[in-house]
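Just so we're on the same page: letters track the sequence lines, and every chain starts at 1.
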Amino acid sequence: MTPPQQNPHDRLEEPAPHPACLPVLRDRRTRLSVLLEEIEVRPDSLDPQAGEVHQEFVLGVYELMRTEVAHACGFRWDRRDRRRLRESYHACANKWPAYREALAELEWTRGQGRSVVDAMVRLEGPRSGYISELWSFYDEFSGVLDTFFPA
Amino acid sequence: MSGNDLNGREAGAMPNRSNVIPLRPGRDDGASELPLSCELTEAVGVIGRCLAEIGLEPESVAGFGRVKTAPLLLQMTAVEQSLEKLAEVKVTTWPDVRWALHFCSARIQALRSIRASAASLQALWTYSEPSCVWDQDIVFVNFGTMSRALRGVRDLIVERYPQTSPAC
């Protein structure tokens, strides 16, 4: 006698097991949420921490989502939704080099003891482009956490 | 036994949340486990001494001689080292993200202003004999900027973490 086959739809109803990295992801989501609210008022306040933010909240978060969360969610996480997260990550990651270079140019100008006005003006575009994509990435990864691991 | 007695006893057996007294009432949540507590307290102290030294500085640039400004430069170096130690305050790890963001900006601004002030003073000694008005103005502007930046850092620390204040 063979055991009864489980209906795939039944398996979809089962909650995804919590990955070990969930507390880390929740912490980063909370931090990023506060950060985005603050930099909406003062975008330049991101500048001194931009490298940290990109490393931890974009690269770090995406790596955990791509590996541990994807593994925990398995088939529950729709392929189309995974692609949306991947695209929002790439959009953010693609904006980073221009922002980083503009920051480096500002620092270099400052180090030369020259006027930083032009460099600050040139920084505004890359910075706002990056922040805009950071919002999208936050929305996407936050949505995945809400869907599969509601508080 | 009346129903009221029973109800009363049962109610007594259940914890009454309104009667729960929190441990160490009135303390700041972050106070007992404030990371870098010593470093923040030290920063408040050295900034205070540096600002006091700036207050003693002469009104005239003629007083910005090597000997007279030596104590101030020593204080500026102490502040610079103290602020370098606080580079660990990051939005990615600090308990209060909002504060960490503002503190980081203020810290960087203060470090820049210290270096600019020291450089302008050095330029005044090196190239200007007698010093030109332009160089003198730069020194005063830079020291004014540095004072404001240092006050900004000190106020941020003390307002958020009053236990770092020398008065505590």
Does one hydrophobic cluster hold both [X] and [Y], with members joined at side-chain heavy-atom distances below 4.5 Å?
X: A/V116; Y: B/I114; result: no
X: B/F103; Y: A/V53; result: no
X: B/L150; Y: B/I108; result: no
X: A/L36; Y: B/W99; result: no
X: B/V89; Y: B/V97; result: no

| said: So which atom in A/R31 and which in B/T93 form the shortest heavy-atom distance, rounded to 0.1 Å? | reply: NH2-O, 3.2 Å
| task | Residue by residue, scan residues 98-110 of chain A and write down, ordered by number, those that have a heavy-atom distance under 4.5 Å to chain B; if none do, write 'none'. | result | A/E107, A/R110
Would you tabulate the side-chain donor-acceptor contacts of residues 15-26 of chain A under 3.5 Å, counting partners in other chains and residues two or more places apart, or write 'none'?
from: A/R26; atom 1: NH2; to: A/F149; atom 2: O; distance (Å): 2.8

| message | Tell me whether the count of non-hydrogen atoms from other residues, nucleotides or ligands lying under 6.0 Å of NE2 in A/H90 goes above 12. | response | yes
| field | Heavy atoms of other groups near A/Q112 CD, more than 12 under 6.0 Å | value | yes
| Does B/V91 offer a backbone N or O that forms a donor-acceptor pair with the side chain of A/Q49 under 3.5 Å? | yes
| message | Just verifying a value: how many Å separate B/L101 CG and A/D47 CG, rounded to the nearest 0.5 Å? | response | 10.0 Å
| Roughly how far, to the nearest 0.5 Å, is the CZ atom of A/R42 from the OG atom of B/S105? | 5.5 Å
| Given a strict heavy-atom distance threshold of 4.5 Å, which part of A/Q55 is in contact with chain B: side chain, backbone, both, or neither? | neither
| Checking heavy atoms, do the side chain of B/R112, its backbone, both or neither come under 4.5 Å from chain A? | side chain
